[in-house]
Each structure stands twice: as structure tokens, then as C-alpha cells.
Amino acid sequence: MRQAAAPSSVEGALDGQFQRTWEFLAGIGRNGRTGGYRRFAWTAVDLELRAWFAEQASQRGMDYHCDRNGNQWAWWGAPATGALVTGSHLDSVPDGGVYDGPLGVVSGFLAVDLLRARGVEPGRPIAVTNFCDEEGARFGVACIGSQLLTGVLDPDRARGLRDVDGHTLAESMQRAGADPSTMGRDDEALSWIGDFVELHVEQGQRLVHLGAAVGVATAIWPHGRWRFRFEGEANHAGATRLVDRRDPMLPFASTVLAARALAEQAGAVATVGKVHVVPNGTNAIPSRVDAWLDSRAPDETTVADLVAAITTTAQRAASSADTTVEVTRESYSPVVDFDARLRNRIHEVLGGVPELPTGAGHDAGILSARVPTAMLFVRNPTGVSHSPAEYASAVDCVAGVRALAAVLEDLSCR
Ligand SMILES: [Zn+2]
């Protein structure tokens, strides 16, 4: 409900406000050499981002708190059951882009500013959130904050997850001043979410082809991560005859090529984007190669069949190299069809913006199992994501803030 006409100066100031906020955030966690962002959970960079979030809440006089799972909340109104919640995440993949995640958090704060400036008095409390460790770059499991909150991820398993240096999540949280002992399903925090709307940069070029700055999501493809552990025997790269070797790099290499070919046949996608080699020496035959497969498809049967076929190929390749392979599913997210009521409402409020599916996972997808969720996408001219080439123009970002504000204004009164 709208109480007063919008002062035009506030509307006009949105561009500058977006630029200022964005420029400040863009300086945190950027690697000078690659131009990519390295914002990993519970590191010094992450703590800087978390401090920024708390400061944004404080500047706006919003109640701030961090829930038991490290997710940050900023409240317009007192925390209450059935609130309207928006937000995204502030962490990144290694050398990721700056828009994936932060755009949703910044847009949430600026949408609140816009609604307040317009004199809107929401019919229910509105919260902006930063969900902890969405990308899973450090501990290998994506959407840790939302998975813990909803009870999908077992807190004991979460506490024991290790980064590549062997530090557990529990240790890392403690070092960062957070308490890992209270992690786990949080029905109180979940009850606050009446509806969740996440704004995100598009990870693809559908909106470019459709000629639209903003779109609404229909579904998230099912997807998961599997660790392939190939084990052989470490030995000297010069003194060991080829016939005497048990080199796990060979079945690893065959598996990567097979994953690509099999995914092509299946109309799916499969990616090996992370490898850990032991001992990782130029003149040493490895004893172990850990490789992580990420696989996604429009439906769950296709994902399951594809991973089974890649596993069979890996087993054959491992045995022919006199090595072994062990495949562990580390995470899996079933297909997500976003809430039809919210989706239709948003479509209407935004004047029939395009609807599109996505192959990327999001906290909104995890939350959708328990609460109504929706997503807005902002056009990405390069279509690239998880890379410094990820982009959205300032004009489109501001259009995203306006769209989110319109959606929040409408939904807050429902
Ligand atoms: Zn994201």
C-alpha cells in the first residue's frame, strides 16, 4: 500500500546510490591478477562482506541478526512469522564474477530504500538476507546456509566438511568468531519466510535474445556434485617404466572426456571443474586424483542415467590402468518448479516479463521445498557466469531494483 507520492529526487538518486554501493563492494575480495573474486566462506574476505551487510542494516535502522547457521538477516519491521524475504549470497566461486549473489543482496537493500522513499508501509515485515556459503567453493557442498536452515544438510556432516587445506567448517567458523555448535534445522527462522524472492544475475543469454532487462524464473534443473577418487601408486616420473605404473591420472583423463561425450548424447551438461592431485609434483606419478563432477539436465532421470554411465566408464578406465575409483555423491538438488502463485503474480506485476528456466542452483531452490519461492533474473550481456566476464549493465541493475521493489510492494500487502 502506498502512503505518499514518490519524491522524484529519490527516484533519480537510485542510479547514483546503486553505483556507490556497487563500487564499494567491488573492491572486496578481487584478485588483482585475474580480476576474479575469491570470496570464500568464513575467510577474512567473507568477514569483510558480512561486516558490510551488518553495516547496511545499521545505516537503514534495520534490525540485524545472524541465525544459527550463519545466515544474515536485516529486518524492516520486527521478525515475525510469514514475513516477505528477499536476498541472495555474498560468497563466490574461485575467480568468480561480482554479480552472482551480491546483486540480489544489494538490490534487496536498495528496493527497501525505494519503497521507504515512496512512503510505502508494507503489510508485513520485509527482510533482506545473505545466505551463507552458497557456492560451496571452500567446503565442497553448495548452499550450506539454506541447506542447514531447512534441515536438508546434517549439521554433524557440515561441521566435519574440510577445505583443501584440511580445515573443517567447524574450525573455520570458530576462527571467524562464529559458533558451529548450534548449526542445524531452524524451524523458527524458516517460519519467518512467508514468501522468498531472490533476484540474481542471469547465468545465460536468454534475456539478451528476448530483449528484456528482467525475467522471472520457471524452474531450476536438477543437479548434483560427485567426487571421483582415483587411487594408484606414487612413483618416480623418470625411473618407473610405463608398464609398471599405476597412474590414476589416466582414468581421470578418460573420465573427463567421457563425461563430455555422454552429456552431449543425453542433452545434459557435465563439468569437471575441480581437481586435487596428490602429491601434485611435476616429476611424480600421482598416488591419487580427486575430481569433482557437476552434472545437470532438464529432468532427474537424465541426470541419474548420465552419472551412472560416467561411473561405468570411470570404473573400466580405472581397472585397465590397475587403479581404483570410488564415486561419492556429495550433493544433489532435485528439480525445482517455482511457486506458481508467486510466479504468476510477479509476471503480472511486472507487466508480463519473460519467463525462463535455469541450469544454476540457488538458495531459492533449496528453500522452495519448504516455503513459496520465486526468482527474478537480470540480463547478462555476456551470458558468462562464474568468471570475471560475468556482467550486467548499471541500467539493467537499476531496472532490477525497481522490479524487485514493485514485487515486494505488491507481495507485502498480500
Ligand atoms: Zn548465485
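Here, residue 1 is the first one in the sequence, and each next residue gets the next number. Counting starts at 1 for both ligands and their atoms, in listed order. Because the structure is predicted, anything quoted here is derived from the model rather than measured.
Considering just the N/O/S atoms of D100, the one nearest the Zn ion (ligand 1) carries the name OD1.
Among the atoms of H89, an N, O or S atom falls under 2.8 Å of the Zn ion (ligand 1). Taking 2.8 Å as the criterion, E134 does not count as a coordinating residue of the Zn ion (ligand 1), since none of its N, O or S atoms falls below it.
A salt bridge is defined here as a Lys NZ or Arg NE, NH1 or NH2 lying under 4.0 Å from an Asp or Glu carboxylate O, and R341 with D195 meets this definition. The pair R116-D113 fails the salt-bridge criterion, with no side-chain N (NZ, NE, NH1 or NH2) lying under 4.0 Å from an Asp/Glu carboxylate O.
Defined by atom type and a distance below 3.5 Å, a donor-acceptor pair is missing between the side-chain atoms of H65 and Q72.
The shortest side-chain heavy-atom distance between E135 and F40 does not fall under the 4.5 Å cut-off.
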